[in-house]
Structures are given as structure tokens and as C-alpha cells.
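Before anything else, here's the structure in question.
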Amino acid sequence: AIVPARHEQLFHVYDNNHYEYIPNFITTDIYLQVLYKHFSSVLQKVEEDKFIPLLTELLKNLYNESSSLSTTTKDPELLEAAQFATTYLGISYSLITNKIQAPNDPVVKKEFQKIISAQGKGSEFLKSDLILYSQFKPRGNYTKSKELENYFRCVKWLNTAPINIQEDKGLLSAIVIASM
């Protein structure tokens, strides 16, 4: 029978039936919900315990290495690529730590603020109109803690912020990041 109910979760009806000694017909929806909840909690634990510290350390090292390259290289093309990489990684590192890591870089500040506010469209830094900052608003599991929110924004940036490799400058910037 299908009857109106106010259960917050699908399994609440099964719990209630168990306590009232009402037999249940187990459907695939409850199985999928339990599987989803289990997978979701496992993924959250892995992200909190392993991925966040690993990504934070990786971005810190990449940012420091690109900053160092920016100050030591004499080649003007490599310098421009290293500066782009430093800004790109500075934004990523700032997002994962929720603290602007390049306080003297106005581009990092501007991108960071747009991402945190989750408002606006288009990035001057990336020369792209395709960036929708509303997509950086954490959702789902990623709203459960500040660390997960920071992780969500950072990974979203790394996954969606394009480096235009059709141009030589963009390709060299991508190569600099990959080589580090």
C-alpha cells in the first residue's frame, strides 16, 4: 500500500515497521539508499583523512616551487609561464586552506573572493567567459565541514579552470605545472 508519510529517510518506514512487528517488503530503493549512504560516508572519511592533507601538501610544494622559479629564471617566456603557474596554484592553495596564500597578488585575491562568494561569471585571469562562480558553492557531502567545503572549491577549481594550451604561453604554463 502506498500511503502519505513524513519520513525524513526511506529507511525510517522500515524501522517503524520493525518496532511494530509489521512485515516489510524490501525494495531496491532502500538497498540503493543504504549503499549510497555507506559509499558516501566511506568517501567522506577517505577525503578527510587522506585526500585533503595530501592535496594541501602537494599544492603548498607546487606553489613554493613555482614562486621560486618565478624569482630565479632569466628567460622571459619561462618567467611569464612561471608567474601564471604561481597565480593558478596560489588560487588553488588559497582555496584548500581558506586563506589567501599570496596576499600581494591582486589576481589571487580577486579570484578567491569570486569563488568564495560563488557569484559572477567569467575570469579575466583565465581569459575565459565559461567560468560560472556559482558552481563553486559546496553541495552534498561537502557541506558537512569547513575542510570539505574548502576541498570542494579547490578540486572544482583544479577541474574546471582551463589553461588554454592552444596558445604557446598557456602550453608552456601547463608544462611548467606538470614538470613540477
Side-chain angles (χ1 to χ4, degrees), residues 1-63 87-102 108-126 128-165 174 177-178 180:
I2 298 175
V3 294
R6 296 182 192 264
H7 302 290
E8 289 183 30
Q9 297 289 335
L10 285 172
F11 62 85
H12 288 167
V13 71
Y14 294 101
D15 271 356
N16 188 42
N17 286 353
H18 177 73
Y19 292 116
E20 307 238 355
Y21 299 104
I22 299 171
N24 286 315
F25 175 69
I26 307 296
T27 59
T28 56
D29 59 344
I30 192 68
Y31 175 74
L32 289 175
Q33 187 188 28
V34 170
L35 181 65
Y36 167 77
K37 288 201 125 340
H38 176 70
F39 178 74
S40 180
S41 67
V42 167
L43 182 61
Q44 181 181 338
K45 183 102 172 101
V46 169
E47 287 173 329
E48 287 176 329
D49 294 350
K50 302 290 183 189
F51 291 175
I52 292 173
L54 182 67
L55 184 58
T56 303
E57 188 66 23
L58 176 67
L59 289 171
K60 176 184 171 188
N61 293 338
L62 289 171
Y63 174 73
T87 301
Y88 188 87
L89 294 166
I91 294 165
S92 306
Y93 187 35
S94 297
L95 290 170
I96 195 86
T97 60
N98 199 29
K99 179 182 177 208
I100 297 177
Q101 298 296 326
V108 172
K109 281 183 183 178
K110 188 174 184 179
E111 289 292 332
F112 180 81
Q113 289 166 347
K114 284 180 172 180
I115 291 167
I116 295 298
S117 70
Q119 295 178 348
K121 178 184 175 187
S123 170
E124 294 171 36
F125 167 64
L126 296 171
S128 172
D129 294 331
L130 301 176
I131 298 291
L132 294 172
Y133 291 99
S134 61
Q135 295 299 307
F136 291 93
K137 183 176 173 69
R139 47 197 173 271
N141 262 358
Y142 300 102
T143 60
K144 293 182 179 178
S145 73
K146 255 323 198 193
E147 292 78 19
L148 287 169
E149 287 181 3
N150 299 341
Y151 174 75
F152 176 88
R153 289 184 189 104
C154 177
V155 170
K156 189 71 167 172
W157 170 261
L158 292 170
N159 284 329
T160 60
I163 299 174
N164 185 1
I165 61 171
I177 292 172
M180 291 183 289

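Everything quoted here is computed from the prediction, not taken from an experiment.
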Residues forming a side-chain hydrogen bond (donor to acceptor under 3.5 Å, both in side chains) with Thr97, sequence neighbours excluded |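 For Thr97 the side-chain hydrogen bond (donor to acceptor under 3.5 Å, both in side chains) partners, ignoring immediate neighbours, are Gln101.
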
Any chance you could measure Leu55, atom CG, to Ile96, atom CD1, to the nearest 0.5 Å?
->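 So the CG of Leu55 and the CD1 of Ile96 are separated by 4.5 Å.
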
Go through the structure and list residues passing side chain to side chain contact (heavy atoms under 4.5 Å, CB included) with Leu132, not counting sequence neighbours.
->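 Partners of Leu132 under the side chain to side chain contact (heavy atoms under 4.5 Å, CB included) test: Lys121, Ser134, Gln135.
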
Closest heavy-atom contact between Thr143 and Gly140?
->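 Taking every non-hydrogen atom into account, OG1-O, 2.8 Å.
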
List in chain and number order the residues that pass side chain to side chain contact (heavy atoms under 4.5 Å, CB included) with Asn24, two or more places apart in sequence or in another chain; answer none if no residue qualifies.
->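 Expected list: Tyr14, Asn17, Ile26.
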
How about Leu62 and Leu58: do any of their side-chain heavy atoms sit closer than 4.5 Å?
->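 In contact.
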
More than 12 heavy atoms of other groups within 6.0 Å of His12 NE2 |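 More than 12 within 6.0 Å, yes.
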
Contact check, side chains of Leu89 and Met180, non-hydrogen atoms, under 4.5 Å =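 Sidechains of Met180 and Leu89: in contact.
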
Would you please name every residue forming a side-chain hydrogen bond (donor to acceptor under 3.5 Å, both in side chains) with Thr56, sequence neighbours left out?
->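 side-chain hydrogen bond (donor to acceptor under 3.5 Å, both in side chains) check on Thr56 returns nothing, list empty.
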
Answer whether the closest heavy-atom distance between the side chains of Phe112 and Ile91 falls below 4.5 Å.
->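 Counting from C-beta outward, Phe112 and Ile91 never come under 4.5 Å.
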
What's the spacing between Tyr88 OH and Ile177 CD1 if we round to 0.5 Å?
->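 Rounded to the nearest 0.5 Å, the OH-CD1 separation comes to 6.5 Å.
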
Crowding at CG, Asp129 (>12 non-hydrogen neighbours, <6.0 Å) =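 Open.
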
Work out which heavy atom in Ser123 is nearest to a heavy atom in Glu111; give both atom names and the distance.
->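 Minimum heavy-atom contact is OG-OE2, 2.7 Å.
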
At what distance, to the nearest 0.5 angstrom, does CZ of Arg139 lie from CD of Glu149?
->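 Between atom CZ of Arg139 and atom CD of Glu149 there are 12.0 Å.
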
Partners passing side-chain hydrogen bond (donor to acceptor under 3.5 Å, both in side chains) against Gln33 (at least two apart in sequence or in another chain) |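 By the side-chain hydrogen bond (donor to acceptor under 3.5 Å, both in side chains) rule, Gln33 matches Gln9.
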
Distance in Å, Tyr63 OH paired with Thr87 OG1, rounded so as to fall on 0.5 Å steps |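 OG1 of Thr87 is found 8.0 Å from OH of Tyr63.
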
Given side chains that start at C-beta, do those of Val34 and Tyr31 come closer than 4.5 Å, heavy atoms only?
->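 No, every pair of side-chain atoms sits at 4.5 Å or beyond.
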
Begin with the C-alpha distance, continue with both residues' side-chain angles, and end with the deciding distance and a verdict on side chain to side chain contact (heavy atoms under 4.5 Å, CB included) for Ile116 and Asn98.
-> CA-CA 9 Å; Ile116 295 298; Asn98 199 29; 3.8 Å; yes

Where is the tightest heavy-atom contact between Pro53 and Glu47, given as atom of each residue plus distance?
->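 Pro53 and Glu47 have their closest heavy atoms at CD-O, 4.3 Å.
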
Phe125: partners by ring pair (Phe, Tyr, Trp, His ring centres under 6.0 Å), with sequence neighbours left out |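 Only Phe84 meet the ring pair (Phe, Tyr, Trp, His ring centres under 6.0 Å) criterion with Phe125.
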
Can you name the residues that form a side chain to side chain contact (heavy atoms under 4.5 Å, CB included) with Lys110, not counting sequence neighbours?
->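 In terms of side chain to side chain contact (heavy atoms under 4.5 Å, CB included), with neighbours along the sequence ignored, Lys110 is linked to Lys114, Glu124.
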
What donor-acceptor contacts under 3.5 angstrom involve side-chain atoms of residues 35-46, with partners at least two apart or in another chain?
from, atom 1, to, atom 2, distance (Å)
Ser40, OG, Asn141, OD1, 3.1
Ser40, OG, Asn141, ND2, 2.5
Ser41, OG, Lys37, O, 3.4
Ser41, OG, His38, O, 2.9
Lys45, NZ, Asp49, OD2, 2.7

Could you tabulate the donor-acceptor pairs under 3.5 Å formed by side-chain atoms of residues 150-158, not counting sequence neighbours?
from, atom 1, to, atom 2, distance (Å)
Asn150, ND2, Lys146, O, 3.3
Trp157, NE1, Ser92, OG, 3.4

Do we see a donor-acceptor contact under 3.5 Å between the side chains of Tyr133 and Gln113?
->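 Looking only at side-chain atoms, Gln113 and Tyr133 do not form any donor-acceptor pair under 3.5 Å.
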
Report yes if the side chains of Thr160 and Phe136 come closer than 4.5 Å at any heavy-atom pair, otherwise no.
->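 Yes, at least one pair of side-chain atoms sits under 4.5 Å.
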
All side chain to side chain contact (heavy atoms under 4.5 Å, CB included) counterparts of Pro162, not counting sequence neighbours |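 Scan of Pro162 (side chain to side chain contact (heavy atoms under 4.5 Å, CB included), adjacent residues dropped) gives Leu126, Ser128, Ile131.
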
Quick one: side-chain hydrogen bond (donor to acceptor under 3.5 Å, both in side chains) partners of Glu147, sequence neighbours excluded?
->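 Glu147 satisfies side-chain hydrogen bond (donor to acceptor under 3.5 Å, both in side chains) with no other residue.
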
